[in-house]
Amino acid sequence: RHVDRAVVSFLSSIVYAAVLIAFALIALSHLGIQTASFLAILGAAGLAVALALQGSLSNFASGVLIIVFRPFKSGDMVEVAGISGIVERIDIFQTIFKTGDNKKIIVPNSQITGGAIINYSAEKRRRIDLTIGISYDSDLRKAKQILHEILQADSRVLKEPAPVVWVAALADSSVNLSARAWVKNADYWNVFFENNEKIYKLLPQKGINFPFPQMDVHVKQN
């Protein structure tokens, strides 16, 4: 009962295949067929099949590695092989994910272990990074203070580490501020979206402007 669901599905698939093979051998033995010679033939055929199914065996070996090293578990939000989703289960040859828009994605195990794995659920806390561009003629100190107040007023934002606001870049048309705060993993997206909306509404009310891309053109005449 305390084993992860992904491990259960993987092991049950292996046990199911092993039971079928054992049952077939027992049935042949009861019918009077010599299983020793049959096993030799089966071994030779298995070698030929193994050579023909190298990709499938690679997926099987990758599935074993996933179970042994546990880079993620069932229910984790991960990003692998260019897709993001929640792990539903790990089968012998593939892992099944469900995306945020309720799509089921089946990824071969070898593609998972052959690339980077980002596990968003591994830690209890996550850092939110908000990038806000303000115009060059806006009051920088006032803008930083407002962003601090917005983050500190949100009860879901953790006190330690404390929220910070930095000047991230002096861009072509804006001064880009980076507001960073730590939250519980479950609160990440709600805090991210809601505070983006708060910033969009509050900064213009306080006289802080969002710039549009602009270019200065100098015309020289002879």
Residues R127 and Y188: closest non-hydrogen pair is O-CE1, 3.5 Å

Would you call R89 and D91 a side-chain contact if the rule is heavy atoms closer than 4.5 Å? yes

Compare all side-chain heavy atoms of E79 with those of Y120 and state whether any distance is below 4.5 angstrom. yes

Min side-chain heavy-atom separation Y200-I132 under 4.5 Å: no

Shortest non-hydrogen contact from I66 to P71? O-CD, 3.4 Å

Answer yes or no: is there a donor N or O on one side and an acceptor on the other, between the side chain of N59 and the main chain of S110, under 3.5 Å? yes

When you measure from the side chain of N119 to the backbone N and O of S121, does any donor-acceptor pair fall under 3.5 Å? yes

Criterion side chain to side chain contact (heavy atoms under 4.5 Å, CB included) on L65 and F60, from CA distance to verdict: CA-CA 9 Å; L65 293 177; F60 174 78; over 6 Å; no

Please assess V191 against D154 for the test side chain to side chain contact (heavy atoms under 4.5 Å, CB included), listing each intermediate value before the final yes or no. CA-CA 8 Å; V191 175; D154 195 326; 4.0 Å; yes

Value for OG1 (T131) from CG (N196), rounded to nearest 0.5 Å, stands at 9.0 Å

Taking N109's backbone N and O only, do any of them form a donor-acceptor pair with T95's side chain (distance below 3.5 Å, no angle check)? no

Separation between CD1 (I134) and CD1 (I208), nearest 0.5 Å, reads 6.0 Å

Fit a plane to each ring of F193 and W189, take the angle between them on a 0 to 90° scale, and name the class: parallel (under 30°), tilted (30 to 60°) or perpendicular (over 60°). parallel

Looking at D216, I'd like to know if its CG atom is crowded, meaning that more than 12 non-hydrogen atoms belonging to other residues, nucleotides or ligands lie closer than 6.0 Å. no

In this structure, would V87 and V68 fall into the same cluster of hydrophobic residues linked by side-chain contacts under 4.5 Å? yes

Output, in order, the C-alpha distance, side-chain angles, deciding distance and verdict of side chain to side chain contact (heavy atoms under 4.5 Å, CB included) for V164 and W182. CA-CA 10 Å; V164 294; W182 290 85; over 6 Å; no

I want to check something: taking the side chain as every heavy atom from C-beta on, are L203 and I146 in contact at a cut-off of under 4.5 Å? yes

Whether K142 side chain and K206 backbone form a donor-acceptor pair below 3.5 Å: yes

Stepwise side-chain hydrogen bond (donor to acceptor under 3.5 Å, both in side chains) test for S138 and N209: CA-CA 6 Å; S138 296; N209 299 318; 4.6 Å; no

Quick one: does M77's side chain get under 4.5 Å of S84's, heavy atoms only? yes

ILVMFWY network linking V107 to I96, side-chain heavy atoms under 4.5 angstrom: no

Are E197 and K201 within salt-bridge range, i.e. N to O under 4.0 Å? yes

Is it the case that more than 12 heavy atoms not belonging to F210 sit under 6.0 Å from its CZ atom? yes

In plain terms, say whether R141 and D139 are close enough for a salt bridge, that is, a side-chain N and a carboxylate O under 4.0 Å apart. no

Among the clusters formed by ILVMFWY side chains lying less than 4.5 Å apart, do L147 and L140 turn up in the same one? yes

Heavy-atom distance under 4.5 Å between the side chains of P161 and R125, does that happen here? yes

Test E194 against N190 for side chain to side chain contact (heavy atoms under 4.5 Å, CB included), laying out the working first. CA-CA 6 Å; E194 291 176 14; N190 288 333; 4.1 Å; yes

Is there a path of hydrophobic side-chain contacts, each under 4.5 Å between heavy atoms of I, L, V, M, F, W or Y residues, that connects W166 with V157? no

Any chain of hydrophobic side-chain contacts (each under 4.5 Å) joining L130 to V167? yes

With the side chain counted from C-beta on, respond yes when Y136 and L170 share a heavy-atom pair under 4.5 Å apart, and no when they do not. yes

I'd like to check the side chain to side chain donor-acceptor pair (under 3.5 Å) partners of N176; sequence neighbours left out, ordered by chain and number. S174

Where do L151 and R180 come nearest, in terms of heavy atoms and distance? CD1-O, 4.3 Å

Heavy-atom side-chain contact between K98 and K104 under 4.5 Å: no

E88 side, atom CD; D76 side, atom CG - distance, nearest 0.5 Å: 13.0 Å

Rounding to 0.5 Å, atoms CD1 (I112) and CZ (F97) come to a distance of 4.0 Å

NZ of K73 to CD1 of I67: how many Å apart, nearest 0.5 Å? 13.0 Å

Under 4.0 Å between a side-chain nitrogen and a carboxylate oxygen: does that hold for K184 and D187? no

Euclidean distance, Q111 CD relative to S58 OG, rounded to 0.5 Å: 10.0 Å

